[in-house]
Every structure is written in structure tokens, then in C-alpha cells.
Enquirer: 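Mind looking over this structure? Questions follow.
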Amino acid sequence: MVRDVAAKAGLPSDFLWGFATAAYQIEGGATADGRGPSIWDTFCKIPGKIADGSSGDVACDSYHRTAQDIELLQKTGAKAYRFSISWSRVIPKGGRNDPINQAGIDFYVKLADDLLAAGITPFVTLFHWDLPDELYKRYGGFLNKDEFVADFAHYSRVVFEALGSRVKHWITFNEPFCSAILGHSIGAFAPGHTSDRTKSAVGDSSREPWIVGHSILIAHAHAVKIYRDEFKARDGGEIGITLNGDWTEPWDPNDEQDRIACDRKIEFAICWFADPVYFGRYPESMVKQLGERLPTFTAEESELVKGSNDFYGMNHYCANYIRHRGDAVVADPDDFSGNIDILFEDKFGNSIGPETQSFWLRPHAPGFRKLIKWLSDRYGRPKIYVTENGTSIKGENDLPMEEILEDDFRLEYFRSYITAMAEAVAEDGCDVRGYMAWSLMDNFEWAEGYETRFGVTYVDYENGQKRYPKKSAMEMKNIFDQFVGKV
Ligand code: GBH
């Protein structure tokens, strides 16, 4: 992993670092104390959708083990913990006129209290993909903008009310790209919609993802308005959306069209959401390719969405080489990347990075610094929290536990990526204030099941979900100690 050794690197002294998780991936307790099913509970039951046929029914059993999780966080020296709330634990059916489940609220109130007592700052995500199943059955979930926005607004208010005095950092949605594209175009994630009839009886990949993205943007903006109008003065917190996005390098560095295609790929993946949030409109490249299939903002919606971030939540993992297809190649109606080829090798056969257990993830740390700068330039140096960054390791699950605990590949990933981030701050003047590694522990990796591990902690699923910190968990503090307070 190459780095610019000459560059200055440092992070502010109050930098918040720690680890992230998501409710459906760790909690288990799927039917405990009145929790209702989410679309993921339903999706996991369809044969063939999850690699190992598993589900989040038990996962890491964190619903019953928050004390262990907090102990683990303390052992690493973490200052922050990002977790998400299961909507259907709080409102089992999800809707604005449906009953609230006090036991669900109590669980998260205690979690926040216990974190604060342990000196750990909670970052709370309202939505990490686990839509209440009832809302999907009732009206199609995100596909029904008015219903979805009203229900999400209500759910947000309930959570702000219950947790607002304890939580000062709110994330509305995690990676809306995934709900839209993986959930409604590729169909690999719940609810599994796609035009591919071998995979699903329902879906229109050419239209639904853009409708879903639009609904989520409006829902995000409503939740932010509610927070600012009704809670911010009382609670003094901040709120934003978390977007995923990879870095792009041209397949042929000497081809201007490949360089333009690199930016277009980022526009389709990230600016799809970030441009509306910062500018109140979709990127021109998307309008051009998608035409009337891309929803339009009413003047009122545009006003509401514009300026709806107190910070930029950045999930970042990897990079790709990008090759343009030439003007003669008309974009497929189901295309969602800007009519380009996404590759792991450039024109000269150079690999972007080593293979991991995740088919899409090849580590390339220099891209982290470049993307932080790219986004900072485009959006006027916003305050950034890195809300996820991490890697799986090829074959990790097949190793004996002693070897899994010596996760040098992951440790080197973190060292190189955190260094790249510290360079973006000290050298490029970007405003990064926090970093949460994905993930605190091995967990339910969605369609990949439990075979792919992203944790800095090994979870022994065969023996009572026992947790064993890997080397990377214990080294994280040393990495940050090198940089924090050096800018
Ligand atoms: C994050 O997404 C999630 O927030 C987290 O829950 C998850 O556990 C973690 O990553 C590790 O996967 O199908 O070819 O279009 C990461 C970003 C974006 C990675 C979409 C996979 C799909 C590639 N994801 N991407 S493709």
C-alpha cells in the first residue's frame, strides 16, 4: 500500500474515533420484547438470498450483551461508538398511527446511558436498511414517498424525544445508495426488487431506484427539519446523512474521457445524494443520462433538502479503475453508474489493490485522501465524520482462531487509511473530526451472511457469540495516538 511519506499528517486534538455497527447485523433478539419484523427478516427467509442461508435472528446477540460490547469498546480506548436503531423494535409495525414499543425505547436509552457512563460518545443512525416489514407490505416502503416520509418523520421524532438529551450526533440514513440500488435495481438486498425476473417477480430497475433515492432524500430532510425546529435548541446536537462512495482512477491516465468518467462515477454514486443536500439539485450528468426517469424536486422540496447536513457522514472502503464506453454506446436503461466500466486493473495490468473476501473491495489507501479532498472541494470544506471504513480478509473465516486474531492485513489497512485521512487534514486542509472503523465485531454481513468477517473482534458464533479482540482492535489507539493533536 503506497503512501506519500513526505506529506504532513495529523488530526485535531478533540478527534473522535471509535467503531461502528448496525442493528440488524449485531442485535439478534429478532422477536424479543415485542420487536416487529423488518424487510431483512423477511428477505433472509427466501432461499438463495443469503450466501450461507443465515439471518440476523441471533447475530452477535448484542441485544442481550451490550455490557460486553461496551467493555470491549473500553478495552480498545475508543472515544465513540456508532450504532443504529431498529425501527421495528421501537415501532413494531413502523407507522405513525401504530403503537410504540416502550421496551424497544428502553433498550436504546440504557445503551446510550451506559455508553456515556463509560465515557464513550454515541453516534446514532436512525436507519441502516431495516425498514419495518409492515410498511413495505402496506404501501411498498420507499416507493410511496408521501407515506414513507410521514412515517419516517414520526419515527425520528419519537427517537429524538427519547434519546435527544443523551445523543448529540445523529445520522438519518446509512447509504441510501444501497437501499435504492441493491434493494431496487440489483435486488441483492432487501426487499430484492429488480427487473431480472430470474431473481424477483417484482421490480423495475430502470425506475424504482431513482424513486427510492428521492423518497429517502425528502425523508432525511424532514427529519433534519424536525430535529432543528424541535430539538436542537434543547439538546444542542448535530445531524447529517451518511453516504457510501469509492474512489476512482482512470483506466487510461492519458485519456481525458476516462478522467471525466471517473468524476461521473462519483456523481452517480455520491453526488446523487450529496448535490441535493448541498445544492438542492441532482448532478447534471444524472439528469442527462436518466431523463424523466429521475424524479424532480418541487421548489419546496429543493429548499427543504438544500442545506440539510450539519456534517457529511462518509463511508469509504476502496477504489476502482474506470473506463469510458464512448459516445456511441447508449446507456442501458438499468445502468446506475454513468455508463462506464468498473475495473480492478488499469490499462497496463496494474491492480488497484489486493483481493479481500468481499468481491467489491480492494484496498487502495491513497484514494481515501483523494476522495476526502474531492468532496471537500465540491461541498465547501464541510465538517466530515468518517462513519465507516474497514476491510474483510480473503479466507479469514477458514483460518484457526489463533490466526484470525493476528489480523495484520486489516491492521495494515487501518494504518494506511488512517494515515491517508490524517494527510487530508494536515496537508490538504480538510475538516475531518471523527472516524469510526467498520466494525466493532464480526457480524451479519448482509447477503454474504457470516462467512465474511469485518470485525476488529472475532465472534465465535458456534460457542455463545463469545468475543475475542483481534490485533487490529488493540492497535487502533496506537495508530490514533500518532496523529491526534498533531495539527
Ligand atoms: C457498508 O456498505 C455497510 O454500511 C455495512 O452495513 C456493511 O457491513 C459494510 O459496508 C461492509 O460491507 O453490488 O457491485 O454494486 C459498504 C458499501 C456499497 C459495498 C455497495 C458494496 C455493492 C457493490 N457497499 N457495494 S455492487
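What's counted below: heavy atoms across the whole structure, side chains too, no hydrogens, waters or symmetry copies. Each ligand, and each atom within it, is numbered from 1 in the order the structure gives.
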Enquirer: Can the positive tip of K466 be found less than 6.0 Å from the middle of the six-membered ring of Y468, inside 45° of the ring normal?
Expert: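 Relative to the ring axis of Y468, which defines the angle, K466 lies inside both limits.
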Enquirer: Heavy-atom contact check, 4.0 Å cutoff: does E448 meet ligand 1?
Expert: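 Contact check E448 vs ligand 1: negative.
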Enquirer: Hey, mind stepping through Q357 and I393 against side-chain contact (heavy atoms from CB on, under 4.5 Å) and telling me if it holds?
Expert: CA-CA 5 Å; Q357 187 63 27; I393 304 177; 6.0 Å; no
Enquirer: Look at the side chain of D61 and the backbone N and O of G28, then say whether any donor-acceptor pair between them is shorter than 3.5 Å.
Expert: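 Not a single qualifying donor-acceptor pair exists.
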Enquirer: Using a 3.5 Å cut-off on N or O atoms only, is N244 in polar contact with ligand 1?
Expert: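 It does not: no N or O of N244 is found under 3.5 Å from an N or O of ligand 1.
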Enquirer: For ligand 1, does N174 get within less than 4.0 Å through its side chain, its backbone, both, or neither, judged by non-hydrogen atoms?
Expert: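 It is the side chain that gets close, since no backbone atom is under 4.0 Å.
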Enquirer: Output, in order, the C-alpha distance, side-chain angles, deciding distance and verdict of ring-ring contact (aromatic ring centres under 6.0 Å, His included) for H222 and F152.
Expert: CA-CA 8 Å; H222 273 278; F152 185 75; 9.9 Å; no
Enquirer: Checking the N or O distance criterion of under 3.5 Å, is ligand 1 in contact with W360?
Expert: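 No, since none of the N or O atoms of W360 sits under 3.5 Å from an N or O of ligand 1.
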Enquirer: To which protein heavy atom is atom 22 (C) of ligand 1 closest, and what is the distance rounded to 0.1 Å?
Expert: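 Going by distance alone, atom 22 (C) of ligand 1 is nearest to L182 CD2, 4.0 Å.
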Enquirer: Show your working on ring-ring contact (aromatic ring centres under 6.0 Å, His included) between Y379 and F279 and close with a plain yes or no.
Expert: CA-CA 9 Å; Y379 299 118; F279 307 143; 5.4 Å; yes
Enquirer: Counting from 1, what ligand 1 atoms have a heavy atom of I186 closer than 4.0 Å?
Expert: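 With I186 as reference, the close atoms of ligand 1 come out as 13 (O), 15 (O).
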Enquirer: Of all the heavy-atom pairs spanning N397 and E451, show the shortest one and how long it is.
Expert: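 Smallest interatomic distance, heavy atoms only, reads CB-O, 3.2 Å.
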Enquirer: In the protein, which heavy atom is nearest to atom 3 (C) of ligand 1, and how far is it?
Expert: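 Looking at atom 3 (C) of ligand 1, the protein heavy atom closest to it is E388 OE1, 3.3 Å.
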Enquirer: Has ligand 1 got any nitrogen or oxygen that is less than 3.5 angstrom from a nitrogen or oxygen of W129?
Expert: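 For ligand 1, there is no N or O atom that lies under 3.5 Å from one belonging to W129.
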Enquirer: Around atom 9 (C) of ligand 1, find the nearest protein heavy atom and jot down its residue, atom name and distance.
Expert: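 I find the closest protein heavy atom is Y317 OH, 3.3 Å.
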Enquirer: Which protein non-hydrogen atom lies closest to atom 11 (C) of ligand 1, naming both residue and atom, and how far is it?
Expert: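 Nearest neighbour among protein heavy atoms for atom 11 (C) of ligand 1, to 0.1 Å: E445 OE2, 3.2 Å.
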Enquirer: Could you tell me whether R362 sits above the aromatic face of Y321, with NZ or CZ closer than 6.0 angstrom to the six-membered ring centre and within 45 degrees of the axis?
Expert: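 No cation-pi geometry.
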Enquirer: To which protein heavy atom is atom 2 (O) of ligand 1 closest, and what is the distance rounded to 0.1 Å?
Expert: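 Atom 2 (O) of ligand 1 sits closest to the protein heavy atom E175 OE1, 2.8 Å.
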Enquirer: I want to confirm something. Looking only at heavy atoms, which of F359, Y24, F336, F444 is nearest to atom 14 (O) of ligand 1?
Expert: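 It is F359 whose heavy atom sits nearest to atom 14 (O) of ligand 1.
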Enquirer: Hey, does C178 sit under 4.0 Å from ligand 1 if you only count heavy atoms?
Expert: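 C178 counts as a contact of ligand 1 under the 4.0 Å cut-off.
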Enquirer: Sub-3.5 Å donor-acceptor pair from the side chain of S88 to the main-chain atoms of G36, do we have one?
Expert: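 Present.
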Enquirer: May I have the step-by-step check of ring-ring contact (aromatic ring centres under 6.0 Å, His included) for F107 and H64, ending in yes or no?
Expert: CA-CA 10 Å; F107 170 73; H64 302 108; 8.6 Å; no
